[in-house]
**Student:** 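What follows is a single structure, and I will ask about it in a moment.
Heavy atoms only: backbone and side chains are in, while hydrogens, waters and symmetry mates are out.
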Amino acid sequence: MSYSRAHWRRVCDETRRMVTEVPLYRDRPQPPIDPAEVRGWLSRVPPVGKRELRRGFPKALVRENQDLHAAMRSEQVTLLATSGTTADRLQVIWEWSWWDPQEREAMRLNARIARAMQRPDWREAVLTTPACGAGTCHFGSQTTEERSIDGILFFNESADPTHWTDSECERMLREWCEFAPRGVEADPAYLAIIARTALARGTRLPSPEFITLTYETTTRAMRRDIARAFDAPVFQLYGATECGVLFMECEHGRLHPNERHGHVDLVPVEGSGRLARVLVTTLGRAWMPLLRYDIGDVVRVAESRDCPCGLASDGPLLERIEGRQSDCLLVAGETVTPLMLDDAIHAALGSTATLEQWQLVGDSLLVVDPRSEASAAAASAAVSALLERGIRGERVAAIAPEASGKYRLVKR
Ligand SMILES: [Zn+2]
C-alpha cells in the first residue's frame with residue numbers, strides 16, 4: 001500500500017480527536033503525532049465489532065462536545081436501525097450530510113456510473129428491504145410519491161420477497177416500466193426474484209445504464225438471472241449502514257476503496273492466501289466515527305495493485321466480497337467462504353445450471369431449482385467434497401429470509 005503523507009496526516013488527526021472525544025475509544029493508546037507512525041499505531045489498536053457499538057449506544061459514540069438531542073431536533077441526524085440479521089442488528093446515528101456525499105463519490109469511482117449520473121435524465125430506483133432504504137420506512141401500501149425521496153424511487157414494501165404476491169410483483173414491474181430508472185441499486189437476492197418474474201411473464205423491463213448490487217452477498221445464480229433480464233452492467237457497491245461505502249467495483253471487475261471517506265486495514269485470514277477481514281476507520285464523519293471497525297465480512301484481495309480502469313487507488317484493491325465471517329467454515333485449518341461453496345456448486349452444475357438459490361443448514365444443503373430434480377444431489381456432492389464431510393442435498397420449494405429480510409447462505 002502506498003498511502004500519501006496527506007492521507008496519513010488526516011488519519012492521524014481524526015483518530016486523535018476520536019480517542020480524545022469519543023467515550024468508546026477513550027482507553028485506546030494515544031495516537032502518535034508523526035503521521036509516519038500512525039500505521040504501526042493503528043495495527044495495535046483493538047478492533048471494535050457490532051457488540052461494542054451496541055453496548056452503550058448512543059452515549060458511548062457521541063463526542064463530548066456534541067448534543068445528540070439537539071442534532072435530532074434539527075434533523076441533522078436521525079437514529080436508524082440497520083437491517084442486519086437479528087443478532088447483528090445495530091442502531092446507527094445517521095448523518096445525511098456525511099452519508100450522501102460519500103455514497104455519491106464512491107459510485108463515481110466507476111467511470112460508467114459517473115457518466116450516467118451526469119446526464120440530465122438521471123433518475124434512480126432502489127430495491128431492497130423496505131426498512132433499510134435511506135433511513136425511512138416503506139412498509140405497507142404507499143403511493144409511488146410516498147416511496148420517492150429526492151427523486152429516488154423505492155420499489156419494495158414488504159420484508160419477505162419469497163412471499164411477494166402476484167399483485168406486488170405486478171406493481172413493481174409496472175412501476176419499473178413507467179419510471180424506467182437509469183440507475184438501480186438493489187439487493188441481489190431481491191433483484192434476482194424480480195428478474196425471474198419478468199422473464200417468466202415475458203415482461204420486458206427497460207434496462208438501466210447500470211445496476212449496483214449491495215446489502216448482501218451475490219451468488220452466481222443471482223448474477224446469471226439478473227444478466228438474463230437486463231442488458232446492463234452490474235457492479236458491486238460494498239459497505240454498510242454503520243460505516244458508509246467502503247469499496248466500489250469498476251468496469252474491470254475490481255473493487256476500489258472509497259478512501260476519502262474511510263481508511264481500510266485488511267487483516268489476513270490466517271492460512272488462507274488472499275482472504276482478509278476488513279477494518280475501517282471512518283474519515284470526515286462528525287457523528288459516530290468508527291475506529292478500526294470490523295464489518296464482519298471476509299473479502300478476497302486482488303492479485304495486483306494495478307487496474308486497467310486507470311483509477312489510481314492508494315488503498316487495497318479487492319477481487320470480491322466472499323461473505324460473512326460468521327458464515328465461513330474451517331476445513332483442516334483452511335477457511336471456506338460462502339462464495340467458495342457457491343463456486344463449487346456451480347462448477348459441478350456447469351454452465352446450463354438452473355439452480356436459483358441454496359442454503360447450507362448444518363449437514364443439509366437446501367436447493368431451490370424448479371427446473372431440475374438432479375441438481376440437489378450434484379450440488380451437495382460438490383459441497384461434501386469441499387467440506388470433507390457428508391452433506392445431504394434436499395430440494396425445496398423456497399428458502400425463507402431471516403426476520404431482517406436478508407438471506408443467509410450458511411446456517412449452523
Ligand atoms: Zn479499476
Side-chain angles (χ1 to χ4, degrees), residues 127-128 155-156 158 160-174 176-177 184 186-207 211 213 215-234 320 323 327 338-387 390-402 405-411:
L127 178 67
T128 179
F155 285 125
N156 185 26
S158 61
D160 180 356
T162 310
H163 295 110
W164 276 338
T165 61
D166 280 352
S167 66
E168 272 178 294
C169 285
E170 252 159 51
R171 174 187 60 75
M172 286 189 271
L173 295 178
R174 191 179 61 244
W176 189 304
C177 290
V184 171
D187 180 309
Y190 289 42
L191 187 58
I193 294 171
I194 285 292
R196 286 173 200 135
T197 308
L199 289 166
R201 295 179 184 207
T203 309
R204 282 211 43 93
L205 294 173
S207 289
I211 293 167
L213 300 179
Y215 307 108
E216 63 181 299
T217 312
T218 307
T219 63
R220 285 171 189 262
M222 294 171 191
R223 254 192 197 262
R224 176 199 64 213
D225 292 337
I226 291 167
R228 284 175 62 211
F230 301 103
D231 182 21
V234 173
R320 69 179 188 181
D327 289 352
L339 280 198
M340 288 160 75
L341 294 172
D342 195 55
D343 290 342
I345 289 169
H346 283 273
L349 298 181
S351 60
T352 56
T354 50
L355 173 143
E356 293 181 357
Q357 205 183 353
W358 60 268
Q359 184 181 55
L360 181 64
V361 185
D363 291 333
S364 294
L365 184 75
L366 309 183
V367 167
V368 178
D369 192 345
R371 292 189 210 173
S372 165
E373 278 182 37
S375 57
S380 58
V383 171
S384 276
L386 184 60
L387 298 182
I391 300 293
R392 196 169 53 92
E394 190 182 336
R395 189 177 180 217
V396 295
I399 292 169
E402 302 296 296
K406 293 194 189 190
Y407 292 89
R408 294 226 18 212
L409 292 173
V410 178
K411 283 173 103 166

**Student:** Step by step, would you call Gln359 with Val410 a side-chain contact (heavy atoms from CB on, under 4.5 Å)?
**Tutor:** CA-CA 6 Å; Gln359 184 181 55; Val410 178; over 6 Å; no
**Student:** Does a side-chain N-to-carboxylate-O contact under 4.0 Å join Arg320 and Asp343?
**Tutor:**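 Yes, Arg320 and Asp343 are salt-bridged.
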**Student:** What heavy-atom pair brings Ala195 and Ala229 nearest, and what distance separates the two atoms?
**Tutor:**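 Result for this residue pair: CB-CB, 3.5 Å.
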**Student:** If I take atom OG from residue Ser364 and atom CZ from residue Arg392, how far apart are they, to the nearest 0.5 angstrom?
**Tutor:**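 Reported to 0.5 Å precision, the distance equals 3.5 Å.
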**Student:** Between Glu356 and Arg224, does any NZ, NE, NH1 or NH2 come within less than 4.0 Å of an OD or OE carboxylate oxygen?
**Tutor:**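 Result for this pair is no, no salt bridge flagged.
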**Student:** Ala198 and Leu205: which non-hydrogen atoms are nearest, and at how many Å?
**Tutor:**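 The answer is CB-CD1, 3.9 Å.
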**Student:** Check the pair Trp176 / Val184 against side-chain contact (heavy atoms from CB on, under 4.5 Å), numbers first and verdict last.
**Tutor:** CA-CA 10 Å; Trp176 189 304; Val184 171; 3.8 Å; yes
**Student:** Counting only N and O atoms by type, is there a donor-acceptor contact under 3.5 Å from the side chain of Arg171 to the main-chain atoms of Phe155?
**Tutor:**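 The answer is yes, because a donor-acceptor pair under 3.5 Å joins these two groups.
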**Student:** About how many Å separate CG of Leu366 and CG of Leu409, when rounded to the nearest 0.5 Å?
**Tutor:**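 Here the interatomic distance stands at 11.5 Å.
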**Student:** Rounded to the nearest 0.5 Å, how far apart are CD of Glu394 and CG of Leu365?
**Tutor:**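 Result: 9.5 Å between the selected atoms.
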**Student:** Quick one, Leu387 and Leu341 - any side-chain contact, counting heavy atoms below 4.5 Å?
**Tutor:**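 A side-chain contact exists here, since the closest heavy-atom pair is under 4.5 Å.
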**Student:** Does Ser384 reach the main-chain N or O of Ile391 with its side chain, forming a donor-acceptor pair under 3.5 Å?
**Tutor:**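 Yes, the answer is positive, given that a donor and an acceptor are paired below the 3.5 Å cut-off.
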**Student:** So which atom in Gly323 and which in Thr217 form the shortest heavy-atom distance, rounded to 0.1 Å?
**Tutor:**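 In this case the closest contact between Gly323 and Thr217 is CA-OG1, 3.6 Å.
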**Student:** Run the side-chain contact (heavy atoms from CB on, under 4.5 Å) test on Val367 and Val396 for me, step by step, so that the C-alpha distance in whole Å, both residues' side-chain angles and the decisive distance to 0.1 Å come before the verdict.
**Tutor:** CA-CA 6 Å; Val367 167; Val396 295; 6.0 Å; no
**Student:** Flag the pair Arg201 and Glu170 as a salt bridge only when some basic side-chain nitrogen lies within less than 4.0 angstrom of an acidic carboxylate oxygen.
**Tutor:**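 Yes, Arg201 and Glu170 are salt-bridged.
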**Student:** Look up atom CZ in Arg204 and atom CZ in Phe230, then write down how far apart they are to the nearest 0.5 Å.
**Tutor:**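 Nearest 0.5 Å value for the CZ-CZ distance: 10.0 Å.
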**Student:** How far does OG1 of Thr219 sit from NE2 of His346, to the nearest 0.5 angstrom?
**Tutor:**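 Those atoms lie 6.0 Å apart.
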**Student:** Please give me the minimum heavy-atom distance between Glu168 and His163, naming the atom from each residue.
**Tutor:**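 Nearest heavy atoms, Glu168 then His163: OE1-O, 4.2 Å.
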**Student:** Roughly how far, to the nearest 0.5 Å, is CD1 of Ile194 from CD1 of Ile226?
**Tutor:**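 If I round to the nearest 0.5 Å, the distance is 11.0 Å.
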**Student:** Run the side-chain hydrogen bond (donor to acceptor under 3.5 Å, both in side chains) check on Trp358 and Asp342 step by step: do they pass?
**Tutor:** CA-CA 8 Å; Trp358 60 268; Asp342 195 55; 2.7 Å; yes
**Student:** Taking Asp187 first and then Lys406, would you say they form a salt bridge - that is, a charged N and a carboxylate O separated by under 4.0 Å?
**Tutor:**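 Looking at Asp187 and Lys406, the cut-off is not met.
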**Student:** Output yes when Asp327 and Arg408 qualify as a salt bridge under the 4.0 Å nitrogen-oxygen rule, no when they do not.
**Tutor:**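 Counted as a salt bridge, because a side-chain N and a carboxylate O are separated by less than 4.0 Å.
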**Student:** So Tyr407 and Tyr190, would you call those rings parallel, tilted or perpendicular, with 30° and 60° as cut-offs?
**Tutor:**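 Judged by the thresholds at 30° and 60°, the geometry between Tyr407 and Tyr190 is perpendicular.
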**Student:** Assess the residue pair Thr218 and Arg223 against the criterion (side-chain hydrogen bond (donor to acceptor under 3.5 Å, both in side chains)); give the C-alpha distance rounded to whole Å, side-chain angles, the decisive distance to 0.1 Å, and a yes or no.
**Tutor:** CA-CA 7 Å; Thr218 307; Arg223 254 192 197 262; 5.7 Å; no
**Student:** For the side chain of Ser380 and the backbone of Ala377, is there at least one donor-acceptor N/O pair under 3.5 Å apart?
**Tutor:**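 Pair found, side chain donor or acceptor close to backbone of Ala377.
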**Student:** Please report the shortest heavy-atom distance between Leu355 and Ala221, naming the atom on each side.
**Tutor:**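 Shortest heavy-atom separation between Leu355 and Ala221 comes out as O-CB, 3.3 Å.
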**Student:** Mind listing the closest non-hydrogen atom pair of Asn156 and Met172 along with its distance?
**Tutor:**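 Scanning both residues, the minimum pair turns out to be CA-SD, 4.1 Å.
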